[in-house]
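Inspection log for the structure reproduced underneath, given as structure tokens.
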2 protein chains.
Amino acid sequence: MLSKSCIYALRSIVFLAYNASFDSKIGIKKIAEELDLPTHYTGKILQQLTKNKIIQSVKGPNGGFYLNEKSQEIELIEVIEVIDGLEFFTNCGLGLKECSEEHPCPLHYDFKIYRDGLWNLFSSKSILDLVSKIEDGDAFIKNFEKK
Amino acid sequence: MLSKSCIYALRSIVFLAYNASFDSKIGIKKIAEELDLPTHYTGKILQQLTKNKIIQSVKGPNGGFYLNEKSQEIELIEVIEVIDGLEFFTNCGLGLKECSEEHPCPLHYDFKIYRDGLWNLFSSKSILDLVSKIEDGDAFIKNFEKK
DNA sequence: ATAATAAAAGATAGTCATATCTTTTATTAT
DNA sequence: ATAATAAAAGATATGACTATCTTTTATTAT
């Protein structure tokens, strides 16, 4: 459901929230290394997140990425919107062009329950919520599917 | 969530259930034309469905595709399994390799509700269920996103 | 048997998400 | 000012899904 890029983004952000701060920024290389991600691809994603104010960055020596206080409160759905877009949450499950309460597809009402449920879930969890559930940080950071 | 191929498959099957029978089979050309789908691509999908006994086919003159009685009772999840696979319903929402009741990801329990809900939805609806909800067949057949 | 029909199978092309590398720009410390 | 650092930007490559075309095989009607 979430693209690989989006999951890379979420992992990176959680990693930053957990480990970085304005006074100790973390660079692309370090992030990619710790999360075992392709360096340049990760750079692209971080760049996109920075441009959309999801995370912060500083260039030059001692530069890198970090999250300011506001960013830590960002909801997961905002990250999803930037990376994947919200099509999943707005489009008909059966691909109907016009599917609505007035002209529902055969699965409309059933499908809507779960689609809206996921929307609400991602809209109610912040980066900090994820961080707070990490009991041993490493398991969350290291345990990802590579393929 | 469902791939384009999978939606093409579902539309084709519903169209067949609605319009075809052993005594009046429908060929690829006709199906593609009526549903406004790419002919050869649709052929490939129907072929895949036939191979997996989701639909039936007969070659030669007066041949084409149709659904036998058993096929009409097929659940949507079976079509999804053949075309897209069940990864969506079995994998961790955050891409964790090992995510389970014992080692849950930060979203595991919340996410599971909706993932399982969708699984159950697709497992409880048959082709005939979709057909029976078509009040005016054309709207369902014609109203699909092309892109 | 033969010709016509239509699905099955194989080969090829396009597109988009994923991934990588190189060059440029901005910042900081010296 | 200068050199070092690190993100930003641009160009390119890869793979999977989507799409199309051609050839082969099977069936039916004559």
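Each chain gets a letter, A, B and so on, in the order the sequences are listed, and its residues count up from 1.
Between A/Phe65 and A/Ser57 there is a side-chain heavy-atom pair separated by less than 4.5 Å. Two residues are said to be in side-chain contact when any heavy atoms from C-beta on lie closer than 4.5 Å; A/Ser12 and A/Leu46 meet this criterion.
Closest contact between the side chain of A/Asn62 and the listed nucleotides C/dT28, D/dA19, C/dT22 involves C/dT28. Here the nucleotide nearest the side chain of A/Pro61, chosen from C/dA19, D/dA4, D/dA7, is D/dA4. Across D/dA19, C/dT28, C/dA7, the shortest atom-to-atom separation from the side chain of B/Tyr41 is found for D/dA19. With D/dA19, C/dA9, D/dA7 as the candidates, the nucleotide lying closest to the side chain of B/Lys51 is C/dA9. Picking from C/dT22, C/dT18, C/dT28 the nucleotide with the shortest atom distance to the side chain of A/Ser3 gives C/dT18. For A/Lys59, the listed nucleotide lying nearest its side chain is C/dT25; candidates were C/dT25, C/dT28, C/dA8.
When only modelled atom types and interatomic distance are considered, A/Asp129 and A/Ser126 share a side-chain donor-acceptor pair under 3.5 Å.
Contacts of B/Ser5 with the nucleic acid, taken as non-hydrogen atoms under 4.0 Å apart, involve only primed sugar atoms and P, OP1 or OP2. Backbone-only engagement by B/Gly64 is indicated by non-hydrogen atom pairs under 4.0 Å involving sugar-phosphate atoms exclusively.
Look at NZ on B/Lys44: it is 13 Å from P on D/dT20, rounded to the nearest Å. Distance, A/Gln48 CD to D/dA9 P: 11 Å, rounded to whole Å. When the C1' atom of D/dA19 is taken as reference, atom CD1 of B/Ile45 falls 10 Å away, rounded to whole Å. Remark: C1' of C/dT5 and NZ of B/Lys30 are 17 Å apart, rounded to the nearest angstrom. Per the geometry, CD belonging to B/Gln47 stands 6 Å off P belonging to C/dA8, to the nearest Å. Straight-line distance from the NZ atom of A/Lys25 to the C1' atom of D/dT5: 13 Å, rounded to whole Å. The distance between atom CG of A/Leu46 and atom C1' of D/dA8, rounded to the nearest whole Å, is 12 Å. For the pair B/Lys4 NZ and C/dA17 C1', the computed distance is 13 Å after rounding to whole Å.
The shortest distance between the side-chain N/O atoms of B/Thr50 and the OP1/OP2 oxygens of C/dA7 is not below 4.0 Å. Taking 4.0 angstrom as the limit, B/Ser57 places a side-chain polar atom (N or O) nearer than this to OP1 or OP2 of C/dA8.
Summarising the base pairing, D/dT30 is matched to C/dA1 through a Watson-Crick or G-U wobble pair whose two defining distances lie under 3.5 Å. Shown here, C/dA8 forms a base pair with D/dT23; the pair counts as Watson-Crick or G-U wobble because both key distances fall under 3.5 Å. Under the Watson-Crick or G-U wobble criterion, with both distances below 3.5 Å, C/dA17 is paired with D/dT14.
Taking a cutoff of 4.0 Å between a charged side-chain nitrogen and a carboxylate oxygen, B/Lys112 and B/Asp116 qualify as a salt bridge.
One finds the CD1 atom of A/Ile77 at 4.0 Å from the CZ atom of A/Phe89 (value rounded to the nearest 0.5 Å).
For the pair A/Lys125 and A/Phe122, the cation-pi criterion (under 6.0 Å, within 45° of the ring axis) is not fulfilled.
When each of A/Gly60 and A/Cys6 is assigned the nucleotide of DNA chain C with its nearest heavy atom, A/Cys6 is the one assigned upstream, toward the 5' end.
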